[in-house]
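All remarks here apply to the structure that follows.
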Amino acid sequence: MKKMTSRPKTRAARKTANASNASRSGKAPGAIEILVNSANRETRIAVLEDNKLFEYRVEREERVVGSIFKGIVQNVLPGMDAAFVDIGLERNAFLYVGDIVPEEGDDSTPASVRRSELRRRKIKELIRPGQELMVQVTKGPRGTKGARVTTRISLPGRYVVLVPEGGHMGVSRKIEDRKERERLRKIGDKLMPQGFGLIMRTECEGRTEAELRADIAFLEQLWSQVVDSAKKLRAPCVVHRDQTLLYRTIRDVFGDEIDRLIIDDPDEYEKVALVAQMVAPKLKDKIYLYDQEEPIFDHYKIEKDLDTLLEHKVWLKAGGYLIIDQMEALTAIDVNTGKQVGSTSLNDTILRTNLEAADEVCRQLRLRDMGGIIVIDFIDMEDAADKKRLMDHFTKILERDRARTRVGKVSSLGLVEITRKRTGESVTESITNLCPTCEGRGRIPSPDTVSLWIERAMRRRIAEPGNAFSVECHPAVIENLIGADGEAIEELEHELRRGLYIRANFDFEIDEFEVVGGTIDEFNKTLMGFRRAQVLECNVRSSSVEGATKAIGWTDGGFYVELLDGHDLVGQRVKVVLQDIRRAFAVADVVIPGKGVLR
């Protein structure tokens, strides 16, 4: 039987792969691991702390946040002290006046003073319609809102952030040691390029001057490339795209506190090892290649945890539970005792439930990447000492979160209000679509997500006898499985080394599917009653894939027929003549009565 992952290419990599198979039970308490699942259409990254999933990120498309665009000012709104800028995306980006004026002063200048100075500036004095601007996206598009941008561009590196046209020197507030802050400030003042600002990141703590100099030199070169691109390209356009999810993880997350980074793709492993050798040689020995046949997320029992990402109710170990409601303006989390009855007193039961809930709330904030205003309804406590114990515990656990947070006090009703920095969609939003049935009051998996579920279901059954799979699912999911011109399904057949027969079931909900194993000979007899030049009837529908403009025909048996033309026939039942037939789909011309083939 063939292995599902490629073997390591080098002797060193093969040694690393064997080391990666160590049992999780042998890890020291508090161990932190990063797992990377790399596939053709998706990269998934999970962060485990003490064998428990705490963070999950997904990337299926190129990231917008952090990218730099050359845009054109479309509207200037003095009443809002803001402008809308065309940067080439679906919706114009929002630019606030405070994001145009470069920050002045240094760390000694109070933030309130700087904000007051910014408020006095008038946006119509700074920019005008039709003006070209270089902007960087700070928040991605969300719902009906466009991206938020700033002219205060910054380039993050491994240890420092370079701010072109800044002139400001700062040190991360998370570095608390005064001597270390002073050491880094002196190095920063010495190395800060003329005309640039510099921010020393938390990761630069304990680093040498040579390491910081190399990071700054790399960012200077990167900025030079951005400027050159901006001169050559015509607005609106992108002049620099932020790095991939995997690279950003290496840059922002993979530090000394991480025990292992495990990757299941040999090619990505080689790239990451090369990057680590350049930016953090000491961390290279922590990178491992996973080469077992069982999918990496199944091996580490993560898939079951990911199912809770879509759950409205999250159970606690002692019997209590959380209810999580994510809305446009805020997220509400309700804490309930549930099945927990305690053993000593009511006050003790409530305190224990709240403490356990605080741990799980902090985990869910990171796991779902929730942002904005978050209101937590803890169970009401009368004892002031219990309230203090809860808040001390909650704020201490929250310190592990890399996102910037602010925590309020427990109100008389037991409510705690916090804010968490939001840069784009939450994980739940990124892997789901608004439900057309409930019109946004709930969420369902997107067709793309379900198609990936089906792919993973087939990979898990690859060891079964046979050389083919039959898949029955919702028609919208089939379009994602087949892909443009059938490229996705052909690539998947080649990867799995199985013939794939895909048919629609019009009674299935979007997340329903059935995978049956068998042989090509069996499925040819039962599912392939078609021949070239055959004329048959089908119902014409528009493509459900975003951005697609083609018309699709569906036979009564759920066979996908790509029509060479037929946009004007959507909603009708027509006759077609088959031109090309594959296992999962066919290509056909529409036959118009009295006129012949429509082309």
Side-chain angles (χ1 to χ4, degrees), residues 40-41 447-448 450-451 454-455 458 466-508 512-599:
N40 294 328
R41 298 165 51 203
D448 191 30
V450 179
S451 70
I454 293 173
E455 288 187 20
M458 289 189 287
N467 60 359
F469 286 119
S470 167
V471 177
E472 193 175 11
C473 59
H474 191 279
V477 177
I478 289 181
E479 291 189 57
N480 286 271
L481 281 171
I482 291 177
D485 300 322
E487 292 180 357
I489 196 67
E490 289 180 3
E491 186 172 357
L492 187 58
E493 283 186 326
H494 178 74
E495 178 186 347
L496 299 178
R497 299 189 179 183
R498 293 287 192 276
L500 301 181
Y501 298 79
I502 316 294
R503 298 295 183 268
N505 188 319
F506 300 98
D507 295 326
F508 274 16
E512 290 183 81
F513 63 88
E514 183 177 4
V515 178
V516 178
T519 66
I520 290 177
D521 290 339
E522 292 171 353
F523 292 136
N524 279 341
K525 293 177 182 178
T526 58
L527 298 175
M528 294 303 294
F530 307 101
R531 66 181 185 279
R532 193 175 185 280
Q534 178 181 355
V535 177
L536 48 80
E537 292 187 345
C538 65
N539 298 309
V540 183
R541 300 286 185 267
S542 294
S543 173
S544 62
V545 177
E546 292 184 1
T549 58
K550 61 184 178 182
I552 296 169
W554 292 100
T555 69
D556 293 338
F559 192 47
Y560 176 103
V561 181
E562 183 171 335
L563 305 180
L564 297 178
D565 205 343
H567 302 293
D568 298 333
L569 302 173
V570 171
Q572 300 182 36
R573 186 174 178 85
V574 301
K575 289 185 177 181
V576 299
V577 55
L578 301 181
Q579 301 295 344
D580 186 19
I581 302 171
R582 310 289 176 86
R583 297 185 186 96
F585 70 101
V587 181
D589 287 317
V590 178
V591 179
I592 303 297
K595 296 183 180 180
V597 174
L598 174 63
R599 289 187 176 177

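Atoms considered below: every heavy atom in the structure, side chains included; atoms not considered: hydrogens, waters and symmetry mates.
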Problem set entry | ring-ring contact (aromatic ring centres under 6.0 Å, His included) partner of Phe530, chosen from Tyr501, Phe585, Phe559 | Phe559
Considering residues at least two apart in sequence or located in another chain, which fulfil the salt bridge (Lys or Arg N to Asp or Glu O under 4.0 Å) criterion with [X]?
X: Glu512; result: none
X: Glu455; result: Arg41, Arg459
X: Glu514; result: none

Nearest heavy-atom neighbours spanning [X] and [Y]:
X: Val561; Y: Ala588; value: CG1-CB, 3.5 Å
X: Phe469; Y: Gly517; value: CD2-CA, 3.8 Å
X: Gly558; Y: Phe506; value: CA-CE1, 3.9 Å
X: Gly553; Y: Cys538; value: CA-SG, 3.8 Å

Heavy-atom side-chain proximity of [X] to [Y] below 4.5 angstrom:
X: Glu495; Y: Asn40; value: yes
X: Gln579; Y: Arg532; value: yes
X: Arg503; Y: Asn505; value: no

Quiz: residues 483-490 side-chain donor-acceptor pairs under 3.5 angstrom, not counting sequence neighbours:
unit_1 : atom_1 : unit_2 : atom_2 : d
Glu490 : OE2    : Arg582 : NH1    : 2.4

Exercise. Can you name the one residue among Asp589, Leu563, Val591, Val540 that meets side chain to side chain contact (heavy atoms under 4.5 Å, CB included) with Val576?
Worked result: Leu563
Exercise. Is there any salt bridge (Lys or Arg N to Asp or Glu O under 4.0 Å) pair reaching into residues 534-544, and which pairs are they, with sequence neighbours excluded?
Worked result: Glu537-Arg573
Working to the nearest 0.5 angstrom, can you tell me the gap between [X] [atom1] and [Y] [atom2]?
X: Met528; Y: Asp521; atom1: CE; atom2: CG; answer: 13.0 Å
X: Glu479; Y: Ile552; atom1: CD; atom2: CD1; answer: 3.5 Å
X: Ile502; Y: Arg583; atom1: CD1; atom2: CZ; answer: 11.0 Å
X: Ser451; Y: Ile478; atom1: OG; atom2: CD1; answer: 11.0 Å
X: Leu578; Y: Leu536; atom1: CG; atom2: CG; answer: 4.5 Å

For this session: Please test Trp554 against Tyr560 for ring pair (Phe, Tyr, Trp, His ring centres under 6.0 Å), starting from the C-alpha separation and ending with a verdict.
Result: CA-CA 5 Å; Trp554 292 100; Tyr560 176 103; 5.4 Å; yes
For this session: Go through the steps for Asn539 and Asp556 under the test side-chain contact (heavy atoms from CB on, under 4.5 Å), then give the verdict.
Result: CA-CA 8 Å; Asn539 298 309; Asp556 293 338; 4.2 Å; yes
Exercise. Who pairs with Phe513 by ring-ring contact (aromatic ring centres under 6.0 Å, His included), at least two apart in sequence or on another chain?
Worked result: none
For this session: List the steps and the verdict of side-chain contact (heavy atoms from CB on, under 4.5 Å) for Leu481 and Cys473.
Result: CA-CA 10 Å; Leu481 281 171; Cys473 59; 4.3 Å; yes
Exercise. Does the side-chain contact (heavy atoms from CB on, under 4.5 Å) test come out yes or no for Met458 and Val471, once each step is laid out?
Worked result: CA-CA 9 Å; Met458 289 189 287; Val471 177; 3.9 Å; yes
Exercise. Hey, does the side chain of Asn467 reach the backbone of Ile520 with a donor-acceptor pair shorter than 3.5 angstrom?
Worked result: yes
Problem set entry | CD (Gln534) with more than 12 external heavy atoms under 6.0 Å | yes
